[in-house]
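Here's the structure, in C-alpha cells; my notes come after.
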There are 2 protein chains.
Amino acid sequence: MTSGPPGARHGFHVFVDGCHEPGSGHGGWAFVVYRDDTEVASGFGGVERSTNNAMEVTAVLEAILWIENTAAGEPAVIWSDSVYAVDGCNHWRPIWKNNGWKKSNPGGRGRNRPIPDADIWKDVDTRLSGNPSIAIAWCKGHSGIAGNERADALADQGRRSIRRT
Amino acid sequence: MTSGPPGARHGFHVFVDGCHEPGSGHGGWAFVVYRDDTEVASGFGGVERSTNNAMEVTAVLEAILWIENTAAGEPAVIWSDSVYAVDGCNHWRPIWKNNGWKKSNPGGRGRNRPIPDADIWKDVDTRLSGNPSIAIAWCKGHSGIAGNERADALADQGRRSIRRT
RNA sequence: UGACACCCCUUUAU
DNA sequence: ATAAAGGGGTGTCA
C-alpha cells in the first residue's frame with residue numbers, strides 16, 4: 001500500500017489539509033482525490049486572513065463540494081489530520097446545530113459564544129446531511145501517508161499563491 | 001531563595017501565583033519580590049491537597065508573611081493574576097468578616113454557608129488589617145509580565161516539590 | 001449569564 | 001523551543 005488506507009476498491013479516498021502562517025495571516029487549503037491508489041483529481045486555494053483550524057475545515061468543505069459536483073452519491077472517505085475538523089464533523093456538528101451553532105458548556109472556557117467559523121460549519125453540515133455516503137476520518141499527519149503529504153504540499157502552494165495576486 | 005537588603009527607597013513589588021494539579025490534588029504557591037525592577041527575594045512551597053483558588057490566596061498570604069518578617073511597614077504592592085484573590089482581599093474581605101466569614105443567602109431562608117478556605121482568609125485579613133502599607137492589585141496572567149511569569153514558574157516548582165519529600 | 005485562574009488533550013505554524 | 005487555533009474538566013465571585 002503506497003497511498004491511502006486499505007480497502008480502496010470502490011469509491012474515493014480524499015485527503016485534505018490546511019495550513020496557516022501566523023506572520024502574514026495567510027492560509028491555504030487543499031484536497032487530493034484517489035481512486036484505487038491513483039490520484040484522479042486535486043484542488044487547492046489560498047485565503048488572505050484565516051486561522052489554522054478554519055483552513056482545515058475549509059479543506060473538508062472544498063472536498064465535499066468537489067464530490068457533490070463530480071461524483072455525487074458515490075461512497076467517499078475524506079481523510080483529515082485535524083482532530084478539530086474530524087471531531088467537528090462527526091461528533092460536535094449535531095450538537096452545535098442543536099445549540100444554534102453556539103457553545104454551551106457551563107463552567108467551560110468559552111461559554112455560549114458562537115462557535116468559530118460558524119458559516120463554514122453550517123455549510124459543511126448542510127452538505128454532509130445531504131450526502132450520507134461521505135465519511136470523515138482522521139489520519140496522522142506528517143507520518144508518511146502519501147495522500148496526506150500530497151495534500152500538505154498543495155495546501156502550502158495554495159497559501160503561497162496569495163502573495164502573487 | 002535569594003535575599004537582599006530591604007529596599008530603602010520606596011517599596012516593593014511582590015508578584016504571587018498559585019497552581020494546582022487536579023489529578024494529584026497537589027498545589028504550589030510562590031512569591032517574587034522586586035525592588036526597582038530587580039528581584040531581591042522569592043519563596044515557594046507545595047501543598048498536598050488543595051484547590052487552585054486556595055493556592056492563589058496562600059501565595060498572597062505567604063507574601064504578606066515575608067513582608068511582615070523582612071520589611072514591615074514598607075510600602076508594598078502584591079500583584080496577583082487571580083480576580084478571586086484580589087477581590088477577596090479588597091472587596092469581600094470586610095463583608096465576609098462582617099458576616100462571620102459566611103456567605104449570606106439571597107433568599108434569607110436556608111443556612112449561611114462558610115466561605116471556602118475561611119482559615120486562610122481570616123489569616124490574610126488579620127495581617128492586612130495590621131499592615132495598611134500593603135496593597136493588593138491585579139495583573140493579567142500569561143501576558144509576558146516578567147514577575148508574573150517568574151512566580152508562575154516558581155509555584156510549579158513548589159508543586160513538584162511535593163513528590164520528592 | 002459574565003469574569004478570573006488552574007489542570008489535561010489535539011492540531012497547526014515558525 | 002516558541003506561539004496559536006481548538007476540545008474537555010476544576011475552583012471561585014457577582
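Computation of the quantities below employed the complete heavy-atom set of this structure, encompassing side-chain atoms and omitting hydrogens, waters and symmetry-equivalent molecules. Everything numeric here is computed off the predicted structure, so don't read it as measured data. Every chain is numbered from 1, with letters handed out A, B, ... down the list of sequences.
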Take the protein atom [atom1] of [X] and the nucleotide atom [atom2] of [N], then report the distance between them rounded to whole Å.
| X | N | atom1 | atom2 | value |
| --- | --- | --- | --- | --- |
| B/Arg113 | D/dA14 | CZ | C1' | 14 Å |
| B/Asn99 | D/dA14 | CG | P | 10 Å |
| A/Ile145 | C/U11 | CD1 | P | 12 Å |
| B/Asp17 | C/C4 | CG | C1' | 12 Å |
| B/Arg159 | C/C7 | CZ | P | 7 Å |
| B/Glu21 | C/C6 | CD | C1' | 11 Å |
| B/Glu149 | D/dA3 | CD | P | 8 Å |
| B/Lys103 | D/dG11 | NZ | P | 12 Å |

Would you classify [X] as touching base, sugar-phosphate or nothing, given that sugar-phosphate means primed atoms plus P, OP1 and OP2, and contacts are heavy atoms under 4.0 Å?
| X | result |
| --- | --- |
| A/Asp87 | nothing |
| B/Gly23 | nothing |
| A/His91 | nothing |
| B/Asp117 | sugar-phosphate |
| B/Asp152 | sugar-phosphate |
| B/Trp121 | nothing |
| B/His26 | nothing |

*Inspect the surroundings of CG in B/Asp37 and state if more than 12 heavy atoms from other residues, nucleotides or ligands are less than 6.0 Å away.*
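It does not: B/Asp37 CG has 12 such atoms or fewer within range.
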Compare all side-chain heavy atoms of [X] with those of [Y] and state whether any distance is below 4.5 angstrom.
| X | Y | answer |
| --- | --- | --- |
| B/Phe12 | B/Val40 | yes |
| A/Ile67 | A/Val14 | yes |
| A/Phe31 | A/Phe15 | no |

[X], nearest nucleotide to its side chain (from [options]):
| X | options | answer |
| --- | --- | --- |
| B/Asp81 | C/C7, C/U11, C/C6 | C/C6 |
| B/Thr51 | D/dT12, C/A13, D/dC13 | D/dT12 |
| B/Asn52 | C/U11, C/C6, D/dT12 | C/C6 |
| A/Glu56 | D/dC13, C/A5, C/U11 | C/U11 |
| B/Trp138 | C/U11, C/C4, D/dA14 | C/C4 |
| B/Cys19 | C/C7, C/U10, D/dA14 | C/C7 |

_Restricting to non-hydrogen atoms, name the atom on A/Gly18 and the atom on A/Ala59 that form the minimum distance, rounded to 0.1 Å._
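Nearest heavy atoms, A/Gly18 then A/Ala59: N-CB, 4.5 Å.
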*asked:* Go nucleotide by nucleotide along RNA chain C from the 5' end; which of B/Asp156 and B/Tyr84 gets its closest nucleotide reached first?
replied: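 First, find each residue's nearest nucleotide; the 5'-ward one identifies B/Tyr84.
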*Can B/Glu48 and B/Ser24 be said to form a side-chain contact (heavy atoms from CB on, under 4.5 Å), step by step?*
CA-CA 8 Å; B/Glu48 278 199 33; B/Ser24 62; over 6 Å; no
*Under 4.0 Å: is that the gap between some side-chain N or O of B/His142 and OP1 or OP2 of C/C6?*
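Affirmative; the distance criterion is met.
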*Please evaluate the base of D/dG6 for a donor-acceptor partner in the side chain of A/Asn53 within a cut-off of under 3.5 Å?*
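Such a pair does not exist between side chain and base.
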